[in-house]
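Numbers restart at 1 for each chain; the letters A, B, ... are given by sequence-line order, proteins then strands. Computed over heavy atoms, backbone and side chain alike; hydrogens, waters and symmetry mates excluded.
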Number of protein chains: 2
Amino acid sequence: MAAFPDEEYSERLARTRTRMGEAGVDVLLITDPANMNYLTGYDAWSFYVPQAVIVPLNDDAPYWYGRGMDAQSAVLTTTLPRDHILSYADDYVENPAKHPFEHLATVLKEHGRERARIGYEGNAYFFTARNLQVLTESMPHAKFVDIDLMVNWVRTVKSANEIEVFRQAARIIENVMQVAIDAVNVGTRQCDAAALISAAQIRGTKEYGGDAPANPPSILSAENAATPHASWSDRPFSPDTATCLELSGCRLRYHCAMSRTVYLGKPPADLLRVA
Amino acid sequence: MAAFPDEEYSERLARTRTRMGEAGVDVLLITDPANMNYLTGYDAWSFYVPQAVIVPLNDDAPYWYGRGMDAQSAVLTTTLPRDHILSYADDYVENPAKHPFEHLATVLKEHGRERARIGYEGNAYFFTARNLQVLTESMPHAKFVDIDLMVNWVRTVKSANEIEVFRQAARIIENVMQVAIDAVNVGTRQCDAAALISAAQIRGTKEYGGDAPANPPSILSAENAATPHASWSDRPFSPDTATCLELSGCRLRYHCAMSRTVYLGKPPADLLRVA
């Protein structure tokens with residue numbers, strides 16, 4: 001079962017197809033996991049192997065394409081017709097002699113896409129240089145078009161369903177940030193604070209559980225406060241130091257982010273001035 | 001400060017350079033975050049923007065290349081000379097008019113690499129199709145060579161330092177799995193079990209804290225037990241169901257994994273037979 005009602009996905013697809021028409025592509029190959037989830041509901045931790053959602057310009061339902069063992073997650077989390085859930089055999093995985101997207105090319109050709117204009121997400125991470133190379137070599141008569149952030153732009157318009165889920169994520173982060181502020185104390189190990197924060201993120205509220213946010217808790221203390229993306233350590237928080245907390249609540253993959261700074265001791269005048 | 005002593009990184013570089021010589025490349029462009037960490041110690045959550053470690057075949061120290069705001073993490077987590085920490089301005093980030101790897105190409109040319117044989121990781125996720133396209137267009141006289149898993153193969157030989165860290169990760173997962181088995185109970189929400197598991201992973205042991213593992217806890221209960229990579233939900237665990245737990249302990253980015261299955265009730269004969 002997908003996270004949202006069928007009409008939500010129909011509406012998303014319709015808006016995507018309007019842009020496909022404008023861009024002159026016959027079929028989209030969506031590989032950004034967030035965009036795959038947006039268009040079909042697909043939700044599983046499988047991005048580490050090649051996978052895609054194939055969106056035809058016509059009214060046909062999209063296709064999910066991925067590793068065989070993950071096809072069951074497509075059955076469980078999407079409302080795609082069973083015969084639109086396609087997959088490759090496990091001997092394609094990490095095999096230097098053959099690549100899953102060679103198989104995908106065969107599938108696309110079987111679907112009459114041999115000479116299609118195929119849109120791909122050229123700068124989406126997980127869409128590797130090899131992915132494109134294999135596709136272009138396997139389908140010399142197709143035209144590949146980099147559609148960049150097409151689905152991301154469609155996503156900027158949020159539905160009422162989505163806004164409700166954001167509100168749930170907001171309730172989660174309100175609680176998470178309070179847990180974090182309470183956890184940052186002189187002598188507490190940074191990892192122990194991170195543990196409490198992560199637990200609060202995943203536990204969510206009594207009404208709705210949380211997801212693991214896309215990034216681990218950002219807890220930047222002492223010298224690490226000079227950089228935005230360092231990891232926590234197992235050193236204790238020191239007196240007279242600032243700790244930046246950049247955290248989120250996550251519900252059904254929708255994030256609500258919040259940042260706060262905790263100072264242990266009497267903050268210097270410069271810090272108070274910018275507070 | 002890097003996680004391991006200087007000699008550890010020197011040895012890793014020496015073994016990498018032997019393979020570079022065999023492959024006939026003058027310089028490596030390493031973009032897999034795990035391989036960047038392996039070669040230099042660099043440790044920050046910054047893979048979502050283009051970044052790289054540049055390894056010259058000669059004895060010169062590697063270069064870190066990434067977003068300006070993350071350069072400070074390179075200062076804090078590597079022992080690279082300051083003038084080997086290079087970065088691009090923030091107006092390159094998500095800018096449709098210019099790409100960070102155009103700037104990287106300029107840097108490589110300034111370092112005399114205009115006609116070099118440059119090895120890249122073609123199937124590493126985060127090395128997008130666009131990354132390669134920008135590089136090849138910006139450096140028409142260079143020869144780009146897909147070195148695939150070169151550094152991953154170097155990594156297969158573990159040092160004494162690494163084995164010690166694996167042992168620490170093993171102590172963490174032993175505790176995590178016990179927490180998990182205790183947490184899976186009829187009526188407990190799956191997300192509440194996940195919260196306890198994540199906290200145990202990050203807290204680590206009294207002696208050494210944990211990192212966030214590369215993947216969130218895999219807690220596959222009831223119908224989700226039929227697929228390997230589903231997410232937990234906020235539904236409670238049901239009686240007479242199997243729950244597969246695929247978890248890890250992580251220390252300094254080194255993982256030790258463990259899988260167990262919990263059955264709530266009297267397991268069916270088939271399950272007992274394979275136990």
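- B:N215 CG to A:S46 OG: the interatomic distance, rounded to the nearest 0.5 Å, is 12.0 Å.
- Counting all heavy atoms, side chain and backbone alike, B:A124 lies closest to A:T128 at O-CG2, 3.4 Å.
- Other residues, nucleotides and ligands place no more than 12 heavy atoms under 6.0 Å from the CD atom of A:E246.
- The minimum heavy-atom distance linking A:T227 with B:S73 is given by the pair OG1-OG, 2.8 Å.
- How far CD of A:Q133 is from CD of B:Q133: 13.0 Å, rounded to the nearest 0.5 Å.
- Minimum interatomic distance between A:W45 and B:P216 (heavy atoms only, all atoms of both residues): NE1-CD, 3.3 Å.
- Residue-environment remark: NZ (A:K143) stays at or below the threshold of 12 foreign heavy atoms within 6.0 Å.
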Would A:L76 and B:N224 count as a side-chain contact (heavy atoms from CB on, under 4.5 Å) here? Give the steps. CA-CA 8 Å; A:L76 291 169; B:N224 280 357; 3.4 Å; yes

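- Per-residue counts of heavy-atom pairs under 4.5 Å with chain B were compared for A:D148, A:V75, A:V134, A:L132; the largest is that of A:D148.
- Nearest heavy atoms, B:A199 versus A:A199: CB-CB, 4.0 Å.
- In this structure the side chain of B:N123 reaches within 4.5 angstrom of the side chain of A:H99, judged on heavy atoms.
- Atom CD1 of B:I202 is separated from atom OG of A:S198 by 3.5 Å, given to the nearest 0.5 angstrom.
- Although no hydrogens or angles enter the test, the distance criterion places no donor-acceptor pair under 3.5 Å between the side chain of B:R203 and the main chain of A:L196.
- At a 4.5 Å heavy-atom cutoff, B:A74 makes no contact with chain A through either its backbone or its side chain.
- Annotation for B:M69 and A:P228: closest pair O-CD, 3.0 Å, computed over non-hydrogen atoms.
- Here A:R251 pairs with B:D234 in a salt bridge; the nearest charged N to carboxylate O distance falls below 4.0 Å.
- Between the side chain of B:R130 and the backbone N or O of A:D146 there is no donor-acceptor pair closer than 3.5 Å.
- Judged by distance alone, the side chain of B:W232 and the main-chain N or O of A:G210 form a donor-acceptor pair under 3.5 Å.
- Screening residues 193-230 of chain B for ring pair (Phe, Tyr, Trp, His ring centres under 6.0 Å) gives A:Y48-B:H229 as the qualifying pairs, with residues at least two apart or on separate chains.
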Assess the residue pair B:Y125 and A:Y125 against the criterion (ring-ring contact (aromatic ring centres under 6.0 Å, His included)); give the C-alpha distance rounded to whole Å, side-chain angles, the decisive distance to 0.1 Å, and a yes or no. CA-CA 6 Å; B:Y125 43 74; A:Y125 43 74; 8.6 Å; no

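- Closest heavy-atom contact between B:G209 and A:C191: CA-SG, 3.5 Å.
- No more than 12 heavy atoms of other residues, nucleotides or ligands sit less than 6.0 Å from atom CD of A:E94.
- Residue contact with chain A, scored on non-hydrogen atoms closer than 4.5 Å, is absent for B:T31.
- Partners of A:Y92 according to the ring pair (Phe, Tyr, Trp, His ring centres under 6.0 Å) rule, which considers only residues two or more places apart in sequence or in another chain, are A:H103.
- Taking CG of A:L220 as the start and CD of B:Q72 as the end, the distance is 11.5 Å to the nearest 0.5 Å.
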